[in-house]
Amino acid sequence: MQNEITEDKLFPFDKIEPKWQKFWRDNRLFNVDTANAKDKYYCLMMFPYPSAALHVGHGRNYIIGDAVARYKMMRGYNVLTPMGFDAFGLPAENAAIKSGIHPETSTLNNIRTMKSQFNRWGVEYDWDREVVSCLPDYYKWTQWIFLKLYEKGLAYKKKAFVNWCPSCKTVLANEQVVDNACERCSSEVMQKDLEQWFFKITAYAPRLLKDIDKLTEWPERVKTMQRNWIGISRGVEIDFKIDGSDEKLACFTTRVDTIYGATFMAIAPEHPMAQRLIKGAKDELRILKEIQKMRDVSKIERSDANVEKEGAFTGRYVINPVNGNKIPIYVANYILMEYGSGAIMAVPAHDQRDFDFAKKYKLPITLVIDDPKNPLNVADMKEAYVEEGVMVNSGEFNGISSSVAMEKVADYFEAKKFGRRSTQYKLRDWLISRQRYWGAPIPIIYCDKCGTVAVPEKDLPVRLPHDVEFRPTGESPLKFAKDFVSAKCPKCGGAATRETDTMDTFVDSSWYYLRYITPKTSDRPFDTATVDKWLPVDQYIGGVEHAILHLLYSRFVTKFLHDIGCVGFDEPFKNLFTQGMITKNGVKMSKSKGNTVSPDDLINEYGADTVRLYTLFIGPPEKDAEWSDKGVEGAFRFLGRVWRLVESVRKSGVVPVTSENLSKEEISLKRKMHLTIKKVTGDLEGGFHFNTVISSIMELVNESYDLMGKNINAIGSAVMHESVETIITLLAPFVPHISEEMWQMIGKKNSIFRSPWPEFDKDAIVEDIITIPVQINGKLRTKVEVPLDIKDEALKEMVLADPKVKTWIGAGAIKKFIIVPKKLVNIVI
RNA sequence: GCCGAAGUGGUGGAAUGGCAUACACGCCGGUCUCAAAAACCGGUAACCUCACGGUUGUGUGGGUUCGACUCCCACCUUCGGCACCA
C-alpha cells in the first residue's frame, strides 16, 4: 500500500496519535472539578449500550460530541464531558442464553472494547465519572428513585392488558411497540392480562406537553413527535342519564357542537357497566357472547382502523340532555377503554367511524352541520361530513357557525350541569416491569400480613444475584432464585417474598446525566447543589431514535425530582442535537445488513484524524449521509496537504514579526484568514455546521498554497506564519492529534486545547477595492471594480460608462437604477 | 388521513431576498518521471458557437419583487413520526 517513495510524503499519524492520546490523559485535560469550576459547559452524549464493536456510523455521535467539547474548551469553558454505559438489557441476556457467558462478563468485556475504541478515535472523556448502570453503586439509586415514586403514589401495580413479546418473553411499554411489533426483535406483540408495575407518567402529561415550548433549542421534529405522543384533545365530558336508572354514563367528545346529531351511544367491550347494562335483557346470553368475542380479539388487532366494525345492542337507552331523545346503547369493538371514559356519543353524520357503524346496523343518521357551499342531504351522503359548517336541526343553536357553537354549547352544558370541559391525553402510564434477569430488581417485598411493602432505603441496593438460571420462561428468572426471593418483611419481620420483576432499562437511563456530576456520593444519588450548578445540560447529543422514549422519560423523572426538591430545574436538556445516521449502499449501517465499515481498519490505514475529519465533512450532521471510502481518501489528502504546508513554513526559518509593507497577495491572504476565522466561529456558534466549517478551512489552505506558488519568498512571511497558525487552531477540535503535533512543530509549548480560539480583526476584512456585479433587468451582465466608499452618483456614472453596459442598454430608456450598497447594481430598462 | 423534514451538477453538498453550483469526490488534461504512484497546476451544469459570447437552468405550475434556490399560493415526489384516540 505505502511504498518507500510515498512514505515520507505522509504524516506519521501512527506515531502522533498514541502520543497525544497519552498526553491528554496524563495532563488530565478532560477532568473537571465540578465543585469549583467556573464557566461551566456540560456536553453530554447519550450513553451507549455496550455492544461488541462499534462501526463508523456509531462514531459520528462521539466525534461530533468530542469536537464540540474541544471547541468549547478553546473558547475558555470548563467542559464536562463524561461517558458511561447503559449496561442492563436484553441483548446481553439473550447472548448469554446462547453462549453461556454471564451477561455481566460479556457486558464488562464490551465496555472495555468500547473504551479502547473511543481512545483510538481520540474521543476523550472524564473517565473519573464513568457510570455503569448494571453496577450496584448505580442501580442502588435507580431503586431509590423507584421508592420515591412509590412513596408519592406515582409507582403502582395494577392488573392490565399489557404488550407481551413472545420472543423476548417479557412485557413492553407502549413506547416500545412499533407497528404491533417488538421494538427490539420485531416479533409480533401479543396482549396479556398481567399484574405489572407502572409509573404514573400521565400525571405529568399536561406539564410534559406544555414545557415542550420551553425547549426552544430542540429540533422541531423531536418536539412534534413528543407532542403527538402525548396527544392532547380538548373537549367536553357529558353525563348521559341511563333511561330507567339513576346511573349516568360519561362520555368525552371533542365535537360537542354535534350533540343534537347523536343517534346512538357506543361503549368499549371492557367497559365496567357493560355487564350490568345487559343484565335482564331477553337475549342476555347471546349479547354476552358477542361482547366476549370482541374482547377476545387482541387490542392491537382491534385498533387497526381497517378492521370491520362490530357491535351489539345492550337493550338499554340513555337520554340526550339537550332534547330528551332516547338513544340506544351499543357495545362496539372500535371503542377503546383506555381513552376518555371508554364510551362515546356517536354522531354518524359527522364522524366517519360512527357513520360506518350506523350504516352497518341501520341506525338513524341526523345531519346537524350543513356545508355552506354544497348543502347536504342525508340520503345522498357517502361519508361523514367532518368539516365546519352551519348548525341545523340543533334547536336554539341553529344558524350559527359550528366553530362558534362549539364554545356556546360547551358554556350551555356547564351552565346546565350536563357536563364539563375536559382535556384528554393519549399518553399512557409507563409500564416498567420486565420478566427478565438482567435489570435492576424492583425494591418491593410482599408480606402475607402487611401486604406490599417498600424496601427501606437503608437496605438498598437490592442486589441482583449472580448465579441464576436465566432461560426465559415467561416468568421472571429471579422467581427461581430461592435466596433472592425469600426475605424478611421490613414492617413485621415475618417471612416474606421479594418482587422478582426487574425494571425497564429506560428507568436506568432516565437519570444517569445527574449521576455524572457527583458520581461517588454514597449516601444519596447526587449532590443537589452541584447538580443545580451544572444542569440543565448545555448540549445533549444523540440519535433521533430516542426522540420519544428516553427523552420523554428523562423529562418526566427530572420533573418528579424537581417536585420532591432534589433538583432546582424541571427540564434536563437545554440544547438537543440529533445526528443523522450513516448509510452504506443506501441503508443504515448495521451488522445484520453486513454493510458496516470498521473504524479500526481505517485508523490503521489513514489515522483517526482522517476518519474524524471525513465523518464531520460528510454532510450536515443532522442529516443522514452515505459513507464513501473515496471521501476518506480525500480527507487524508487534505491533512497531508496541511502537514506539508506547515513543514515548509516551519523550515523557512525565523518569522519576521512586522506585518507592515505587505504585498497585495499578502493582504489578500490576511483578509482570507480573518474571514475564515469569522466564518468558522459563526458556523460553530450558529449550529454544528462542521461540513461548511471544514470547507472554509480548506479554502484558506488553498489560498496559502496559491500564495506560495506565486511567490516563493512568501513562505517566510509573517502573514504566512499567521495563516498557518490559524489553520492549525481552527482545525484542532476536529483533528486534535495532528493539530497538537503541528502546534508543537511551530514552536508552541502549551496544549492547543489550552490555547485561545482566534478572534477575527474587522479591519483586516475590509477591502479598499470591491467588485460590484451589474445586472440589467435582473440578469448579470458585467462587473465593475470600484473603491469601497464610492458615492452612489459616482458609481452610477461609472457603471453607465462601461462599454458592456452601454451595449446592453442600447437605445432603451432607463426606468430604474437600483444600488444595493457594497453589493450590487441593477438597471431596469 | 394528520403532523414534521426534504427535493440544487455525474456524486456528497454550498448559498435563506442580491454573482446559483463554494468545498470535496469522480472524471479529463498538463508538469515532474525511463515509467507509474504521490505531489503540484488547470478544466469540468446543459445547450448553441471555431471563438468572443449567448440561451436555459435549483421537483411542477402560478404569484409577490428591480431582483426568488430563498418569500406567498396550489400541486407532485421521497423520507420520518402518529393514526378507529371519540
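Below, chains carry the letters A, B, ... as their sequence lines are ordered, and counting in each starts from 1.
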*Indicate whether any N or O donor in one side chain lies under 3.5 Å from an N or O acceptor in the other, for A:S704 and A:S723.*
yes
_Atom P, compared across B:C27 and B:C76: separation rounded to whole Å_ = 40 Å
*If you check the A:T253 side chain, which of B:A86, B:C25, B:G18 turns out closest?*
B:A86
*If pairing requires Watson-Crick or G-U wobble contacts with both distances under 3.5 Å, which nucleotide is the partner of B:C75?*
B:G59
*asked:* Rounding to an integer number of Å, can you tell me how far A:E699 CD sits from B:A24 P?
replied: 8 Å
*Does a side-chain N or O from A:R641 land closer than 4.0 Å to OP1 or OP2 of B:C40, or not?*
yes
*Do any side-chain nitrogens or oxygens of A:S233 fall under 4.0 Å of OP1 or OP2 in B:A86?*
yes
*Which part of the nucleic acid, if any, lies within contact of A:G634, taking any heavy atom under 4.0 Å across all strands shown: a base, the sugar-phosphate backbone alone, or nothing?*
sugar-phosphate
*What do you reckon, are the aromatic ring centroids of A:F617 and A:F690 less than 6.0 Å apart?*
no
_I want to verify a distance call: between B:G81, B:C25, B:C41, whose nearest atom is closest to the A:K630 side chain?_
B:C25
*Please tell me which of the listed nucleotides, B:C23, B:U55, B:A15, lies nearest to the side chain of A:R781?*
B:U55
*asked:* What is the distance, to the nearest angstrom, from the NZ atom on A:K779 to the P atom on B:U55?
replied: 6 Å
*asked:* Tell me the interatomic distance from A:F690, atom CZ, to B:A24, atom P, rounded to whole angstroms.
replied: 20 Å
*asked:* Measuring only the P atom in each nucleotide, how far is B:C40 from B:C47? A whole number of Å is fine.
replied: 31 Å
_Whether the side chain of A:K309 and the base of B:C84 hold a donor-acceptor pair under 3.5 Å is what I'd like checked._
yes
*When you check the gap from the basic side-chain N to the acidic O, do A:K796 and A:D792 get nearer than 4.0 Å?*
no
*With heavy atoms under 4.0 Å as the rule, sort A:I697 into base, sugar-phosphate or nothing.*
nothing
*Please tell me which of the listed nucleotides, B:C82, B:C23, B:A14, lies nearest to the side chain of A:N702?*
B:C23
*Closest to the A:K679 side chain, choosing from B:A86, B:A15, B:G4*: B:A15
_Looking at B:C69, which nucleotide sits across from it as a Watson-Crick or G-U wobble partner, both distances under 3.5 angstrom, or is there none?_
none
_Starting the side chain at C-beta, find the nucleotide from B:G18, B:A86, B:C41 nearest to A:L824._
B:G18
*P atom, B:C25 versus B:U77: distance in rounded Å?*
37 Å
*Just label B:G10 as syn or anti from its O4'-C1'-N9-C4 or O4'-C1'-N1-C2 angle, using within 90° of 0 for syn.*
anti
_Check the phosphate of B:U65 against A:N826, side-chain N and O only, distance under 4.0 Å to OP1 or OP2. Yes or no?_
no
*B:A15 pairs with which nucleotide, Watson-Crick or G-U wobble, both distances below 3.5 Å?*
none
_Given B:A14, B:G81, B:C84, the nucleotide with the shortest approach to the side chain of A:P620_ = B:A14
*Would you indicate which nucleotide in B:G12, B:C41, B:A86 comes nearest to any side-chain atom of A:I344?*
B:A86
_Atom pair distance, as rounded to whole Å: CZ in A:F252 and P in B:A86_ = 6 Å
*Tell which nucleotide pairs with B:U21, taking only Watson-Crick or G-U wobble pairs whose two distances are both under 3.5 angstrom.*
none
*asked:* Using a 4.0 Å heavy-atom cut-off, does A:I818 contact any base of the nucleic acid, only the sugar-phosphate backbone, or nothing at all?
replied: base
*In terms of the nearest nucleotide of RNA chain B, which residue is placed more toward the 5' end: A:G231 or A:P773?*
A:P773
*With P as the reference atom in both, quote the distance from B:U21 to B:U58 in angstrom, rounded to an integer.*
14 Å
*Which value, in whole Å, describes the distance between the C1' atoms of nucleotides B:U78 and B:G67?*
31 Å
_Could you tell me how far apart A:K823 (NZ) and B:C19 (C1') are, to the nearest whole angstrom?_
12 Å
*Under 30°, 30 to 60°, or over 60°: which ring-plane class applies to A:Y330 and A:F357, parallel, tilted or perpendicular?*
perpendicular
*Is the gap between the ring centers of A:W627 and A:Y614 under 6.0 Å?*
yes
*Hunt down the Watson-Crick or G-U wobble partner of B:C32, both distances under 3.5 Å, from any strand shown, or write none.*
none
*Between A:E220 and A:W808, name the one whose nearest nucleotide on RNA chain B is closer to the 5' end.*
A:E220
*Pair A:F577 + A:F688: ring centers closer than 6.0 Å*: yes
*Nearest whole angstrom, please: distance from the P of B:G18 to the CD of A:Q775.*
11 Å
*Does a nitrogen or oxygen in the side chain of A:R637 sit under 4.0 Å from OP1 or OP2 of B:G26?*
yes
*Is A:F817 touching bases, backbone alone, or none of the nucleic acid, heavy atoms closer than 4.0 Å?*
nothing
*Could you work out the separation of B:U33 and B:A39 based on their C1' atoms and round it to a whole Å?*
12 Å
*What integer number of Å spans the C1' atoms of B:G10 and B:U44?*
10 Å
*Between A:K816 and B:C66, does any side-chain N or O lie under 4.0 Å from OP1 or OP2?*
yes
*asked:* Under 3.5 Å for both donor-acceptor distances, Watson-Crick or wobble: does B:C27 have a partner, and if so which one?
replied: B:G43
*Charged N to carboxylate O under 4.0 angstrom, A:R421 versus A:E237?*
no
*Reckon A:V828 touches a base, only the sugar-phosphate, or nothing at all at heavy-atom distances under 4.0 Å?*
sugar-phosphate
*Which of these nucleotides, B:G4, B:C23, B:C82, is closest to any side-chain atom of A:S695?*
B:C23
*asked:* Base, sugar-phosphate or nothing for A:K783? Non-hydrogen atoms, less than 4.0 Å.
replied: base
*How long is the line joining NZ of A:K815 and P of B:U65, in whole Å?*
14 Å
_For A:Y385 and A:F355, I'd like to know if the aromatic rings sit close, meaning centre-to-centre distance below 6.0 Å._
no
_Sugar-phosphate, base or nothing in reach of A:S628, heavy atoms under 4.0 Å_ = nothing
_Whether the A:Y339 and A:S233 side chains hold a donor-acceptor pair (N or O, under 3.5 Å, no angle test) is what I'd like checked._
yes
*asked:* When you measure from the side-chain N and O atoms of A:N691 to the phosphate of B:A24, is any distance below 4.0 Å, counting only OP1 and OP2?
replied: no
*How are the rings of A:W643 and A:F11 set to each other: parallel, tilted or perpendicular (split at 30° and 60°)?*
tilted
*With a 3.5 angstrom cut-off on both distances, give the Watson-Crick or G-U wobble partner of B:C2, or none if there isn't one.*
B:G81
_How many whole angstroms separate atom CD1 of A:I212 from atom P of B:G4?_
14 Å
*asked:* Taking the C1' atom in each of B:C66 and B:G1, what is the distance between them to the nearest angstrom?
replied: 44 Å
